[in-house]
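Heads up, the thing below is written out as C-alpha cells.
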Amino acid sequence: MKLKHLFIGLISLLSVSSCIQDEALNVEAAIDDCTGANIQLANIDVTRKEIEIYVLDGTDISKQELIFSLPKGASIQADEKEPGDEPPFYNFSNRLIRKFTVTSEDGNTQATYIVRINKMELPTHYSFENLRATTPFHIFYVTNESGIMQWASGNPGYNLSVMARNEMEYPTVQMPIGKTGRCLKLTTCSTGSFGAPLGMPIAAGNLFIGSFDVQNAVLAPRQATKFGFPFTKQPVRMTGWYKYKRGATMIDENNNTMPNGTDTGDIYAVLYEAPTSDFSLDGDLFPNGQGIDEHIVSMARIEKTIETDEWTYFDLPFTSQNGKTIDKEGLRNGKYKLAIVFSSSIMGAYFQGAVGSELWIDEVEIICE
C-alpha cells in the first residue's frame with residue numbers, strides 16, 4: 001500500500017515537473033520602472049524608450065543606484081561598461097546619457113533604452129515654450145541653469161484610447177499664441193468606446209510636476225500619477241494667467257449626465273512632507289474631491305476658474321494646511337516636495353467632467369521668501 005502511494009506521488013511529481021518544463025518562457029523585454037536611493041523622479045517614455053532620471057544638484061552620480069523593474073525572467077545590462085559599474089550602481093560621472101539593453105527571458109526579444117541623469121533644482125518660472133516631443137503627443141519641459149525637467153501629463157494614457165488623429169487632438173497641447181509667446185491648453189476629451197466600459201468616459205487635460213506610469217493607467221489611474229519634486233525654498237504665492245471655457249454637459253464615471261453639475265478647471269500647488277526621496281503623493285491628493293492628504297503642509301489653489309476668453313491674472317497665496325508649519329532645516333535638507341498641477345476638469349481624476357472644457361495657462365511663477 002505504501003509502495004502504491006509512493007508510486008502515485010512520483011507520477012504526480014513528474015507530471016508537475018513536466019508542466020513546469022512545458023511552460024513557455026516570457027517574451028517581454030521592457031523597463032517598467034526605475035528606482036534608487038537618491039532618485040527624486042523618473043519619467044519613462046515607453047514609446048521612445050527613454051528614461052529621464054532626476055536627482056538633486058550636487059548628487060554624486062559616480063555610483064548612481066538604478067533598480068530596474070523588468071518583466072518576469074528578463075535581464076538588463078549597460079551597453080558600454082564604465083569604470084566603477086557594479087550593478088545596481090552605475091557610473092554616470094563621465095557620461096550623463098547611457099544605453100541599457102533588456103533581454104527577454106526566452107532570449108529572443110531585446111529593447112534598448114536611453115537613460116539620462118539630470119541634476120537640477122526645480123525652476124520657479126514656467127512659460128510653456130519648450131517641447132521635448134511633438135509626436136505622437138506634446139511633451140513639455142522646463143529649464144534653468146542647472147538642467148531641464150520634463151512635465152508629466154495624462155497624454156500617454158489617452159494614447160491608449162486611440163481617439164486622437166493627430167497631436168493636436170490630445171488633452172494636453174501647446175498653442176502658438178499665449179499671454180506671452182506660446183502657452184498651454186488643456187481640454188477634457190471623450191475616451192470613446194475604450195474608456196466608457198472601464199468607468200473612464202473622459203480624460204481631463206492635465207499637466208503637472210511629477211511622473212505618469214502608463215503601465216498602471218487603466219488598472220490604477222490615480223496611483224499611476226505621482227506628484228512633486230524636492231523644493232528647498234518657502235513658497236508664498238503662485239501667480240499666472242488663464243482662460244477658461246466649460247463644456248456643456250457634466251457626466252460621471254458611469255457616463256451618466258449630472259443635471260446639476262457644472263465643470264470648472266483646477267490650478268494649484270502644494271508643498272508636502274516627503275519622508276524619503278522616493279516618496280510622492282499620487283492622484284488621491286484630495287480623496288474624492290474632499291479633504292486633503294495628511295502630508296500637505298501648504299497649498300495655493302484657485303477657488304474657481306471663471307469662464308472668460310480673455311487672459312485673466314491669478315495670484316494665489318500659499319496657506320497652511322493640516323495645522324502644520326514648515327521646518328526650515330528640513331526645507332534646506334530637501335525634506336519637502338512641491339507639486340504644481342493644472343487640470344481642465346477639477347474632478348477629472350475621478351472621471352467626472354464635461355467634454356469640451358478648456359483651460360489655457362501661461363506665465364506661471366512660484367514666488368518664494
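In this chain, residues are counted from 1 in sequence order.
In terms of hydrophobic clustering, with Ile, Leu, Val, Met, Phe, Trp and Tyr side chains grouped at heavy-atom distances under 4.5 Å, Ile209 and Leu359 are assigned to a common cluster. Side-chain heavy atoms closer than 4.5 Å link hydrophobic residues (I, L, V, M, F, W, Y) into clusters, and following such links, possibly through other members, connects Val214 to Ile53. Cluster annotation: Phe318 is connected to Ile326 through the hydrophobic network of ILVMFWY side chains, with a link wherever side-chain heavy atoms come within less than 4.5 Å. Cluster annotation: Ile44 is connected to Leu160 through the hydrophobic network of ILVMFWY side chains, with a link wherever side-chain heavy atoms come within less than 4.5 Å. Val364 and Trp241 sit in two unconnected hydrophobic clusters of ILVMFWY residues. Membership requires side-chain heavy atoms under 4.5 Å apart, directly or through other members.
Counted by atom type alone, Ser357 and Asp263 present one or more donor-acceptor pairs between their side chains at under 3.5 Å. No hydrogens or angles considered: a donor-acceptor pair under 3.5 Å links the side chains of Thr103 and Gln110. Counted by atom type alone, Tyr350 and Asp284 present one or more donor-acceptor pairs between their side chains at under 3.5 Å. Between the side chains of Glu50 and Asn43, no donor-acceptor pair of N or O atoms lies under 3.5 Å.
Under a 3.5 Å cut-off, the side chain of Glu169 and the backbone N or O of Ala164 do not form any donor-acceptor pair. Here the side chain of Asn155 pairs a donor or acceptor atom with the backbone of Thr172 at under 3.5 angstrom. Judged by distance alone, the side chain of Tyr336 and the main-chain N or O of Asn333 form no donor-acceptor pair under 3.5 Å. Using modelled atom types, one side-chain atom of Gln321 and one backbone atom of Thr319 make a donor-acceptor pair closer than 3.5 Å. Remark: side-chain polar atoms of Asp85 are not paired, donor with acceptor, to backbone N or O of Lys81 under 3.5 angstrom. Side-chain atoms of Thr59 never come within 3.5 Å of backbone atoms of Ile61 as a donor-acceptor pair (strictly under, hydrogens ignored). At distances below 3.5 Å, at least one donor-acceptor pair connects side-chain atoms of Arg98 with backbone N or O atoms of Asn91. Side chain of Thr109 to backbone of Val27: a donor-acceptor contact under 3.5 angstrom is found. Remark: the backbone N or O of Gln174 is paired with a side-chain donor or acceptor of His138 at under 3.5 angstrom.
You'll find the side chain of Thr134 stays beyond 4.5 Å of the side chain of Ile139, heavy atoms only. In this structure, Met299 and Ile292 have side chains that are in contact, with non-hydrogen atoms separated by less than 4.5 Å. Contact annotation: the side chain of Asp278 never approaches that of Ile39 to less than 4.5 Å [non-hydrogen atoms, C-beta and beyond]. With a 4.5 Å cut-off on side-chain heavy atoms, Ile97 and Val115 do not count as touching. Looking only at side-chain heavy atoms (C-beta outward), Phe208 and Thr225 come within less than 4.5 Å of each other. For the pair Asp106 and Asn26, the minimum side-chain heavy-atom distance is 4.5 Å or more. Contact check for Met120 versus Thr143: no side-chain heavy atoms found under the 4.5 Å cut-off. At least one side-chain heavy atom of Leu281 sits less than 4.5 Å from a side-chain heavy atom of Ile296.
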**Study point:** Worked check of side-chain hydrogen bond (donor to acceptor under 3.5 Å, both in side chains) between Glu167 and Thr135
**Key:** CA-CA 6 Å; Glu167 68 276 9; Thr135 58; over 6 Å; no

Practice item. Take Tyr272 and Ser280, measure what side-chain contact (heavy atoms from CB on, under 4.5 Å) needs, and give me the verdict at the end. Key: CA-CA 9 Å; Tyr272 68 87; Ser280 295; 3.9 Å; yes

Exercise for review: Evaluate the criterion side-chain contact (heavy atoms from CB on, under 4.5 Å) for residue pair Arg246 and Glu358; output intermediate values, then yes/no.
Suggested key: CA-CA 6 Å; Arg246 68 170 181 259; Glu358 291 182 357; over 6 Å; no

Exercise for review: Decide yes or no on side-chain contact (heavy atoms from CB on, under 4.5 Å) for Gln40 and Lys337, but give the supporting numbers first.
Suggested key: CA-CA 9 Å; Gln40 307 298 330; Lys337 290 187 178 183; 4.0 Å; yes

Practice item. Check step by step if side-chain contact (heavy atoms from CB on, under 4.5 Å) holds for Met149 and Tyr54. Key: CA-CA 8 Å; Met149 172 171 284; Tyr54 297 97; 3.9 Å; yes

Check your understanding: Does the pair Tyr268 and Phe286 meet the rule for a ring-ring contact (aromatic ring centres under 6.0 Å, His included), with working shown?
Key -> CA-CA 12 Å; Tyr268 68 87; Phe286 310 112; 5.1 Å; yes

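Between Arg116 and Glu52 there is a salt bridge, with a side-chain nitrogen of the basic residue lying less than 4.0 Å from a carboxylate oxygen of the acidic one. Between Lys324 and Glu294 there is no salt bridge, since no side-chain N of the basic residue sits under 4.0 Å from a carboxylate O of the acidic one. The pair Arg95-Glu80 meets the salt-bridge criterion, since a charged nitrogen lies less than 4.0 angstrom from a carboxylate oxygen. Asp309 has no carboxylate O lying under 4.0 Å from a charged side-chain N of Lys243, or vice versa, which leaves the two without a salt bridge.
Among residue pairs with one or both ends in residues 198-219, those qualifying as side-chain hydrogen bond (donor to acceptor under 3.5 Å, both in side chains) are Asp213-Asn216; sequence neighbours excluded. Pairs passing the ring pair (Phe, Tyr, Trp, His ring centres under 6.0 Å) check and including a residue from residues 162-203, sequence neighbours excluded, read Phe137-Tyr170, Tyr158-Tyr170. Within the structure, ring pair (Phe, Tyr, Trp, His ring centres under 6.0 Å) contacts touching residues 97-116 (residues at least two apart or in different chains) are Phe68-Phe100, Tyr90-Phe100. Within the structure, side-chain hydrogen bond (donor to acceptor under 3.5 Å, both in side chains) contacts touching residues 247-258 (residues at least two apart or in different chains) are Glu253-Gln352.
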Hey, can you pull the donor-acceptor pairs under 3.5 Å for the side chains in residues 227-240, sequence neighbours left out?
unit_1	atom_1	unit_2	atom_2	d
Arg237	NE	Asp315	OD1	2.9
Arg237	NE	Asp315	OD2	3.3

Show me the donor-acceptor pairs within less than 3.5 Å that the side chains of residues 177-188 make with the rest of the protein, sequence neighbours left out.
unit_1	atom_1	unit_2	atom_2	d
Thr188	OG1	Ser344	OG	2.7
Thr188	OG1	Ser345	OG	2.6

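Atoms CD1 and OG1, from Ile366 and Thr124 in turn, are 8.0 Å apart once rounded to the nearest 0.5 Å. If you take CG on Asn38 and OG1 on Thr276, they are separated by 12.0 Å, rounding to the nearest 0.5 Å. Distance check, rounded to the nearest 0.5 Å: CE of Met200 to OG of Ser190 gives 14.0 Å. For the atom pair OG of Ser298 and CG of Asn322, the computed distance is 11.0 Å after rounding to the nearest 0.5 Å. Atom CG of Leu25 sits about 8.5 Å away from atom OG of Ser104, to the nearest 0.5 Å. In this structure, the separation between OH on Tyr242 and CD1 on Ile361 is 9.0 Å, given to the nearest 0.5 Å.
By the neighbour-count criterion of 12 heavy atoms within 6.0 Å, atom CD of Gln77 is sparsely surrounded, having that number or fewer from other residues, nucleotides or ligands. Atom NZ of Lys335 has 12 or fewer neighbouring heavy atoms from other residues, nucleotides or ligands inside a 6.0 Å radius. Annotation for Lys119: atom NZ counts as buried by contact number, over 12 foreign heavy atoms lying within 6.0 Å.
Considering every non-hydrogen atom in both Gly210 and Ala152, the closest pair reads O-CB, 3.4 Å.
Annotation: cation-pi geometry not satisfied between Arg132 and Phe140 (NZ/CZ under 6.0 angstrom from ring centroid, within 45° of ring axis).
Relative orientation of the Phe128 and Trp151 rings is tilted, given thresholds of 30° and 60° on the angle between their planes.
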